[in-house]
Amino acid sequence: MEYVSPEGLRLDGRRPMEMRQIRGEIGAVAKADGSAVFEMGNTKVIAAVYGPREVQNRSQQMNDQALVRCEYSMANFSTGDRMRKPKGDRRSTEISLVIRQTMEACIMTHLMPRSQIDIFVQVLQADGGTRSACINAATLALADAGIPMRDLVTSCSSGYLNSTALLDLNYVEDSAGGPDVTVGFLPKLDKVTLLQMDAKLPLDIFENVMQLAIEGCKAVANYIRELLLENTKQLEYRRGV
Amino acid sequence: MLHSKSFVKKTRGGKVTKVVREHYLRDDIYCGASICKVCDPSVARLSASASTILILDTNVVLNQIDLLENPAIDDVVLLSIVLEEVKNKNLSVYNRVRSICSNSLRKFFVFSNEHHKDTYVKEMDGESKNDRNDRAIRVATQWYQTHLGGATRVLLLTNDRENKRKANEEGISAETVETYVKSLGRPDLLDLLVQNASGDVGMEDVEDLRPSKRKILYTEHKPMSEITSGLHRGIYHQGKLRVNRYNPFEAYVGSESIGDEIIIYGRTNMNRAFDGDIVAVELLPQDQWHEEKSLSIADEEDEEEEGVHLVPGSADDAPRTTGQLQGSSGETAPVSFRPSGRVVGIIKRNWHSYCGSLEPMPKPAGSGGIAHALFVSKDRRIPKIRIQTRQLENLLDKRIVVAVDSWDRLSRYPSGHYIRTIGEIGDRDTETEVVLIENDINSRPFSSQVLACLPPLPWSVSPEDLTNPIRQDLRHLRVFSVDPPGCKDIDDALHCTSLPNGNFEVGVHIADVTNFVQPGTPLDEEATQRGTSVYLVERRIDMLPKPLTEDICSLRADVERLAFSVIWEMTPEAEIISTRYTKSVIKSCAAMSYIEAQAKMDDSRLMDPLTTDLRNMNTLAKIMRLRRIERGAITLASAEVKFQIDTETHDPLDIGMYQIREANQMVEEFMLAANVSVSEKILKHFPLCSLLRRHPIPTREMLQPLLLTAAAVGLNLDVSSSKALADSLDRAVGDDPYFNKLIRILATRCMTQAVYFCSGDLSPPEYHHYGLATPIYTHFTSPIRRYADVIVHRLLAASLGIYKLPVIFQDRPQLTSIADNLNYRHRNAQMASRASVELHTLIYFRKRPTDTEARIVKIRSNGFIVFLPKFGIEGPVYLTQRGENGGGEWFVDEQQQKIKKMDGSLSYSVLQAVRIHLEVVEPQPNRPKLHLSLL
Ligand SMILES: [Zn+2]
């Protein structure tokens with residue numbers, strides 16, 4: 001299968017180093033302390049954050065830091081086949097864990113001891129790169145909730161098909177079965193906090209592919225920063241400052 | 001990074017689910033015309049002087065690919081939608097058109113119209129996919145017209161009447177291919193056009209239109225759905241059709257479902273299938289399995305007689321023998337137990353282009369008119385092909401290339417069209433090119449990308465190479481090479497040092513090709529494709545570029561070279577005590593020919609160290625050889641000939657058998673030992689992905705012709721194992737000094753060739769190499785001219801921990817396909833060499849009719865086949881006129897393998913010596929061939 005034409009275009013018309021159109025929206029769930037919708041192409045994710053608030057289960061309370069919890073789910077209508085998936089299957093549990101660990105690494109949990117932060121993410125539409133979209137949405141929602149963070153953690157995936165490194169795989173490219181790398185990145189600190197790949201790739205190619213994903217993360221971070229600035233301006237304006 | 005661009009979502013309705021895909025439209029897709037002021041000129045492909053820019057419709061690409069491959073058609077824009085449609089309909093055409101696009105000499109530009117913001121069209125309500133795509137093509141053409149603003153003509157070529165009409169209505173200039181090609185004023189291009197199936201007029205020139213013949217000749221092919229269900233139910237069997245190279249009316253289909261070969265007799269049962277087609281076969285009722293055979297030749301009027309050809313080197317070159325003598329007496333012939341069948345449908349066509357010439361016919365009176373002719377392929381497995389041409393008188397004495405277009409039920413022959421002319425028949429260069437094309441050999445110069453992978457010249461061993469810890473400095477050793485005279489690609493060298501303990505250190509040093517051919521580079525890919533160097537009589541087609549082949553890798557005398565060495569410690573009894581493998585730097589002190597080395601060893605006055613080394617090695621080699629023969633290795637005999645070529649005219653001056661000396665055998669023995677040692681090492685480390693070479697045990701059926709001949713002369717051969725056969729071959733000595741060699745030559749041609757395989761694909765008992773009688777074997781010693789050896793070098797380096805194993809070795813299917821390709825390339829290279837020798841034999845005898853000694857190797861119904869030992873060829877001698885089938889005058893004694901005259905005055909038996917007159921005759925103009933007659 002030809003995923004990149006000799007003219008250098010991918011199936012959907014992007015060039016290998018190009019990301020899909022991204023779009024974020026702050027404040028989609030009024031009841032939550034912070035919320036956001038994040039889209040990467042046709043992948044659409046909603047995130048809601050509650051907290052910091054009192055720890056529900058006392059036994060889990062930690063005296064020196066906040067407890068971060070994450071629940072990931074996929075809407076039944078999110079994929080083409082509309083299959084009913086039981087909640088808490090292995091994949092969901094794994095992704096919940098990945099998101100939790102990534103967010104935990106950037107939240108300044110030591111500032112909020114004996115409290116709990118809940119992050120809910122739900123995939124509304126899936127078209128590849130759901131993990132990355134979830135992390136980006138969660139970051140935006142955490143920022144919206146005003147939770148102190150070291151940096152804005154962002155995520156992007158990249159893959160390797162037809163001997164070409166491709167940024168931000170969509171569903172078709174993702175199902176090609178080639179290696180794909182998901183990176184979580186702290187742009188200000190220039191640190192990688194998440195790196196996932198479940199295929200074999202020679203080291204030198206892997207470095208290229210990972211670097212490409214990092215560039216993607218940086219682009220997402222720029223976009224998120226602008227979005228937050230714009231949002232803050234709006235808030236200031238509304239308050240009449 | 002992200003362009004701001006508008007995008008629409010394209011929806012494709014599936015069976016159940018609705019699939020939504022993003023579709024980005026861009027503003028950075030350029031038109032590719034160098035005259036354009038707006039677009040990025042760096043990507044422009046179309047020439048500035050182009051008077052017309054052609055845009056092709058899908059049907060034009062699909063049907064007229066031969067025309068497009070002609071350089072006369074240039075400045076073409078291919079739309080991505082057209083490519084997509086072509087890809088879905090015919091992958092092989094797609095690959096061909098893609099390779100035109102990537103050819104830097106051609107001006108084909110691919111315009112991604114589907115992603116351009118101005119040329120993307122959305123499907124309208126009620127519009128079919130085809131109509132939508134046609135509209136997209138028109139919109140793109142229109143865009144080019146306005147974009148280029150009338151600077152050049154933009155012309156849409158389409159053979160779709162509807163599309164052309166709509167285009168004209170919309171103000172787009174559109175023409176059919178025929179009109180356009182006619183406007184170019186090149187009649188030769190018109191021949192390239194594929195004929196419409198309906199244009200079947202005027203064929204009476206070539207095809208018999210007598211009422212009895214104009215009936216339906218072939219049964220209809222079953223539709224695909226019926227074939228699938230038939231295969232499923234086990235009524236039909238699927239397999240690749242292989243036509244007998246020596247009898248084109250007989251074919252075989254290897255079927256997995258019945259675990260045997262199905263034989264198909266006659267063109268009617270073959271039902272228009274070509275060699276290499278994947279077909280569905282239906283078995284005939286068992287009582288017809290035998291009868292069909294006698295019909296096989298009789299019902300075809302255009303039987304060709306067998307020509308004089310080179311002596312087969314193995315069973316793969318020899319005619320297949322399904323029964324015994326054909327048509328001799330009928331009732332005495334044993335019944336063939338193999339199933340026979342007929343083709344009911346073709347699953348996948350293997351049509352490509354074929355080399356050959358037109359069947360001789362009178363020259364036309366006028367010129368320029370359309371003439372019909374029959375094309376005869378050089379490859380006898382291919383039926384004659386009808387073509388139309390406007391340049392008949394030019395083509396009659398030429399070698400041409402022709403492609404097949406169709407074959408309907410009413411036609412005896414398939415129809416096709418002319419592609420190009422190679423040159424005059426009989427001309428050496430033309431015939432050599434035919435040989436190369438026939439065997440799919442790439443003789444084009446290496447591309448600039450490939451040459452860019454070469455190290456800078458002049459190259460020499462660098463200080464880094466010497467200090468590299470993986471490389472041992474062996475320059476102090478007395479290394480030498482022994483090769484055929486004039487050999488420039490020296491890939492092996494040897495050394496032999498006496499050790500204080502009385503043992504010998506023996507080393508085989510092989511050119512370190514993998515140091516220069518890195519995996520994944522264009523150089524490596526090219527070598528993978530070529531697979532092997534090809535040796536023709538007057539030229540060599542290299543696998544690697546000349547600087548590597550003749551200089552950098554070649555282990556020439558008195559220069560430092562990089563090598564991969566296998567070094568043994570051996571007792572004087574040639575027992576291997578230890579083996580080590582290392583990359584090395586060597587400096588050969590002498591590059592000898594076999595003759596020189598032999599002369600040194602034989603000259604008892606010489607006592608210099610080099611000669612002593614040679615003698616020591618020879619002693620060891622003799623012991624090793626003896627041991628190998630004891631294990632059951634078979635000493636085969638080949639009838640290899642050698643030409644002496646005139647340096648100026650390149651014509652053969654002399655011809656003779658290749659003489660094998662002790663020195664040859666000595667070098668061969670150590671190469672075998674090195675290959676065995678390396679195969680053991682790599683298999684130990686990589687049991688699943690090693691590349692090995694195996695030689696299958698010949699079946700009794702394959703040895704049948706040998707046994708028959710042997711029995712006729714009263715010789716009893718034991719073929720139960722290779723050891724038994726080797727022993728009985730040794731015992732086969734008659735009064736005749738040539739008898740043993742003759743029997744060995746006959747044995748050799750019964751065996752198949754050894755093949756490469758991936759160790760993970762077979763189980764260890766199947767690794768066996770029958771001819772060499774070793775459990776495992778591989779090729780390590782000729783990496784300059786064989787790609788298999790390059791792979792083995794990489795495996796060996798990885799097993800020593802020098803380099804990591806390239807990723808490709810983890811991919812077993814790909815490894816298997818590489819092994820298959822190597823087998824295919826080796827086979828073709830061999831056939832090309834043989835064809836080249838046959839060609840030069842013909843040229844040699846053109847001016848030299850000769851009388852010579854010959855041996856009868858096979859009795860036929862109307863004569864016998866003789867073998868000419870001096871020239872390594874064999875061919876038929878007819879005692880009666882063709883078609884008379886013995887004529888009652890002669891009869892064949894099958895048991896005794898004799899042909900006798902009825903009155904008993906004359907008889908010939910197998911292996912008997914006869915005197916033969918050999919000359920070149922031209923029964924038809926421009927069709928010279930060798931003819932043998934009895935003196
Ligand atoms: Zn332009």
Side-chain angles (χ1 to χ4, degrees), chain A residues 1-2 4-23 39-44 77-83 125-129 156 160 163 167-173 175 179 199-206 212 215-223, chain B residues 1-30 32 43 45 78-80 83-84 87 91 94-95 97-102 108-117 120 519-520 525 804-811:
Chain A
M1 178 79 186
E2 194 179 85
V4 186
S5 74
E7 288 67 53
L9 291 183
R10 289 154 73 171
L11 296 173
D12 57 5
R14 284 183 290 156
R15 296 195 193 274
M17 314 270 265
E18 285 173 357
M19 212 157 33
R20 289 174 286 179
Q21 202 115 27
I22 50 175
R23 196 181 75 85
E39 287 175 28
M40 299 176 86
N42 275 340
T43 298
K44 188 171 189 172
F77 52 82
S78 63
T79 55
D81 51 6
R82 244 165 263 121
M83 219 169 41
Q125 201 165 262
D127 186 23
C156 192
Y160 190 72
S163 312
L167 184 62
D168 189 19
L169 304 184
N170 66 22
Y171 179 72
V172 182
E173 292 164 337
S175 13
K200 281 185 185 170
L201 208 54
L203 211 58
D204 47 337
I205 295 173
F206 170 73
L212 187 62
E215 294 304 320
C217 293
K218 287 180 183 165
V220 173
N222 283 338
Y223 174 74
Chain B
M1 170 172 285
L2 186 70
H3 286 271
S4 61
K5 62 197 164 218
S6 63
F7 69 93
V8 288
K9 300 225 167 111
K10 190 171 78 173
T11 312
R12 282 195 299 199
K15 249 185 256 163
V16 192
T17 57
K18 177 172 148 187
V19 184
V20 180
R21 296 259 179 274
E22 277 185 299
H23 192 92
Y24 289 89
L25 297 182
R26 319 186 57 102
D27 53 12
D28 64 345
I29 291 174
Y30 304 122
V43 294
R45 283 295 289 276
L78 280 163
L79 305 177
S80 59
L83 284 173
E84 196 185 306
K87 191 176 178 181
L91 199 59
Y94 174 77
N95 289 334
V97 74
R98 267 292 180 195
S99 88
I100 307 177
C101 295
S102 58
F108 273 53
F109 180 77
V110 179
F111 180 69
S112 305
N113 69 312
E114 291 292 280
H115 290 286
H116 190 287
K117 64 180 170 54
Y120 176 73
E525 273 156 27
K804 280 225 296 267
L805 204 57
V807 261
I808 182 140
F809 287 93
Q810 287 162 14
D811 187 352

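Letters A, B, ... are given to chains in the order of the sequence lines, protein chains preceding strands, and every chain is numbered from 1.
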Exercise. Could you look at A:Leu201 and say if it's the side chain, the backbone, both or neither that has a heavy atom under 4.5 Å from chain B?
Key: neither

Exercise. Could you please spell out the steps behind the side chain to side chain donor-acceptor pair (under 3.5 Å) verdict for B:Asn113 and B:Ser80?
Key: CA-CA 6 Å; B:Asn113 69 312; B:Ser80 59; 2.9 Å; yes

Quiz item: Given the rule in the salt bridge (Lys or Arg N to Asp or Glu O under 4.0 Å) test, do B:Asp28 and A:Arg15 qualify, once you have shown the distances and angles that lead to the verdict?
Solution: CA-CA 11 Å; B:Asp28 64 345; A:Arg15 296 195 193 274; 3.2 Å; yes

Quiz item: What pair of heavy atoms forms the shortest contact from A:Met19 to A:Ala219, and how long is it?
Solution: CE-CB, 3.8 Å

Practice problem: Please determine, among A:Pro6, A:Ser5, A:Ser163, the option with the most heavy-atom pairs under 4.5 Å with chain B. | Solution: A:Pro6

Practice problem: Would you check if B:Tyr24 and A:Arg10 make a side-chain contact, meaning some heavy-atom pair closer than 4.5 Å? | Solution: no

Quiz item: Which bit of B:Lys804 is near chain A, if near means a heavy-atom gap under 4.5 Å: side chain, backbone, both or neither?
Solution: neither

